[in-house]
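Only heavy atoms go into these numbers, but all of them, side chains included; no hydrogens, no water, no symmetry mates. Residue numbering restarts at 1 for every chain, and letters A, B, ... go by the order of the sequence lines. Just so you know, these numbers come straight off a predicted model, no measurement behind them.
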Protein chains: 2
Amino acid sequence: MTPAEPKMTRSQRVRSKALRVASDLFYANGVRAVGMDQIVDISGIAKTTIYRHFPTKDMLIEAFLQAEDAEFWHQWDQAVSGADAGIGELEALCRWIGDRVRRDGYRGCPQINVAAEFADYDHPARAVARSHKAEMLRRLTSICARTGVSNPSVLALQISLLLDGAFMSDGRLNGFDAPAVLIQAVRRIVASG
Amino acid sequence: MTPAEPKMTRSQRVRSKALRVASDLFYANGVRAVGMDQIVDISGIAKTTIYRHFPTKDMLIEAFLQAEDAEFWHQWDQAVSGADAGIGELEALCRWIGDRVRRDGYRGCPQINVAAEFADYDHPARAVARSHKAEMLRRLTSICARTGVSNPSVLALQISLLLDGAFMSDGRLNGFDAPAVLIQAVRRIVASG
DNA sequence: TCCTTTCACTACCGATCTGTATCGATAGTT
DNA sequence: AACTATCGATACAGATCGGTAGTGAAAGGA
């Protein structure tokens with residue numbers, strides 16, 4: 001994830017490292033629980049420098065979610081690549097997500113978590129979260145349409161709710177074969193469509 | 001919700017009001033965003049008094065979630081009362097939840113939101129949230145068993161993920177007939193079980 | 001009516017928060 | 001080697017955080 005490409009300038013390298021350290025702390029502890037001083041201590045980057053790249057903490061949080069968004073779709077594309085169009089893509093996504101939510105240190109969808117922390121609907125980070133979920137719904141609708149069902153938008157909405165529930169299942173899936181549970185549910189939702 | 005019963009002592013009335021004001025602020029703004037001073041200002045109750053009833057802010061948050069939990073199951077019981085056992089109960093719950101998530105000021109499940117704010121797995125508030133979700137899974141399993149399916153625990157898990165997704169759908173259900181969307185999904189999940 | 005408990009109010013504590021000012025060191029470029 | 005932009009480090013500002021101490025008023029039971 002965001003490997004240090006040697007083509008970057010020093011400024012870009014420093015910015016990248018600051019964002020990476022901040023993102024790890026934000027995700028593991030929650031954005032409000034992490035202070036800028038903590039990011040300074042762990043990254044070894046001066047506070048002045050961080051504030052030159054990210055003028056406010058809110059903008060740093062926004063950049064965190066945007067990077068998570070990009071990384072998410074990168075992995076999404078990898079998961080569906082090679083899968084049969086339609087139901088095959090859905091199953092591939094279920095396998096990917098089912099594994100993802102049981103990884104060590106998994107603490108839910110960062111977009112959802114940040115949205116829960118900020119009540120202000122117009123907070124820039126919440127705008128990123130909304131567009132993330134809108135994009136997910138768009139992609140699921142496109143896949144559902146490929147399965148040939150008559151009402152792909154409703155089906156995609158139902159599947160998106162199921163997957164969001166899986167994201168914040170908080171360990172409830174640990175006692176089960178998570179991918180299988182998700183695949184079975186998705187199959188049944190799509191089946192009689 | 002928690003009407004001021006005249007049988008309470010003065011101490012109980014004050015405690016109840018403090019918890020009610022704190023709960024409203026916590027839910028609307030997020031627990032970390034609300035300071036104790038804010039609760040003091042809006043409730044008109046002295047900070048010393050609040051701290052006598054709730055020794056720490058964490059315990060106040062815990063009490064908030066416990067009260068939300070009790071209120072949730074109260075409404076749950078009302079929603080399923082009179083419904084036909086099994087699928088009828090599930091449909092009644094879908095109608096209740098579908099309406100609930102589109103109410104003004106709805107900002108997701110408080111248990112999920114608070115869990116997202118605290119990374120510490122052992123935080124007392126997160127213990128309340130986990131037992132809340134465990135109870136929900138238990139009740140759904142019981143209902144699914146009443147429908148006569150062969151694997152009620154897996155079905156209940158799938159339905160609980162769908163409903164949790166609905167809780168934090170963040171307006172995605174607003175353009176749809178939310179109860180109908182949920183009922184259709186639940187029916188299909190249960191159908192071929 | 002008296003007496004005890006509980007209350008509201010004010011002021012305060014140390015810690016932590018986001019964000020800024022200053023300055024000397026360092027890296028990349030010419 | 002010299003110049004310029006960016007860096008790390010320290011110190012600080014102003015606000016807010018959770019939580020405590022002390023005091024006088026008010027409520028409730030006898």
S.K.: Could you tell me how far apart B:Gln38 (CD) and D:dG19 (C1') are, to the nearest whole angstrom?
M.R.: 17 Å
S.K.: For B:Arg15 and D:dA27, what is the distance between atoms CZ and P respectively, to the nearest whole Å?
M.R.: 22 Å
S.K.: Closest to the A:Ser11 side chain: C:dG19, D:dT6, C:dA8?
M.R.: D:dT6
S.K.: Quick one: on DNA chain D, does B:Met36 or A:Gly44 contact a more 5' nucleotide (nearest heavy atom)?
M.R.: A:Gly44
S.K.: Please pick, from C:dT18, C:dC9, D:dG19, the nucleotide with the shortest atom-to-atom distance to any side-chain atom of B:Ala46.
M.R.: C:dC9
S.K.: A:Met8 has an atom CE; how far is it from atom P of D:dC7, in whole Å?
M.R.: 12 Å
S.K.: From CD1 of B:Ile50 over to P of D:dC17, roughly how many Å is that when rounded to an integer?
M.R.: 13 Å
S.K.: When you get a sec, tell me which of C:dC7, C:dG28, D:dG28 is the closest nucleotide to the side chain of B:His53?
M.R.: C:dC7
S.K.: Using 30° and 60° as the class limits, which term best fits the ring planes of A:Phe72 and A:His132: parallel, tilted or perpendicular?
M.R.: perpendicular
S.K.: Closer than 4.0 Å, any side-chain N/O of B:Arg13 to the OP1 or OP2 of D:dG28?
M.R.: yes
S.K.: Pick base, sugar-phosphate or nothing for B:Val14, based on heavy-atom distances below 4.0 Å to the nucleic acid.
M.R.: sugar-phosphate
S.K.: Nearest to the A:Asp37 side chain among C:dT18, D:dC17, D:dG8, which nucleotide is it?
M.R.: C:dT18
S.K.: A:Asn113 side chain to A:Arg107 main-chain N or O, any donor-acceptor pair under 3.5 Å?
M.R.: yes
S.K.: Could you tell me which non-hydrogen atom of A:Met136 sits nearest to which non-hydrogen atom of A:Trp76, and how far apart they are?
M.R.: CG-CZ3, 4.2 Å
S.K.: By the 4.0 Å heavy-atom rule, please label A:Thr48 as base, sugar-phosphate, or nothing.
M.R.: base
S.K.: For B:Val34, answer base if it contacts any base atom (sugar-phosphate contacts may also be present), sugar-phosphate if it contacts only those atoms, and nothing otherwise; contact means non-hydrogen atoms under 4.0 Å.
M.R.: sugar-phosphate
S.K.: Can you identify which nucleotide, out of D:dC17, C:dT20, C:dA8, has its nearest atom closest to the A:Lys47 side chain?
M.R.: C:dT20
S.K.: Could you tell me how far apart A:Arg32 (CZ) and D:dT16 (C1') are, to the nearest whole angstrom?
M.R.: 12 Å
S.K.: Do A:Ser16 side-chain atoms and A:Gln12 backbone N/O form a donor-acceptor pair below 3.5 Å?
M.R.: no
S.K.: Whole-Å distance between D:dG18 P and B:Phe118 CZ?
M.R.: 10 Å
S.K.: Whole angstroms only, please: what is the CG-P distance between B:Asp58 and D:dC17?
M.R.: 15 Å
S.K.: Nearest whole angstrom, please: distance from the C1' of D:dG18 to the CD1 of B:Ile39.
M.R.: 11 Å
S.K.: Without swapping roles, check the side chain of A:Thr141 against the backbone of A:Leu137 for a donor-acceptor pair under 3.5 Å.
M.R.: yes
S.K.: Taking the side chain of B:Arg52 as its heavy atoms from C-beta onward, which of D:dG8, C:dA8, C:dC7 lies nearest to it?
M.R.: C:dC7
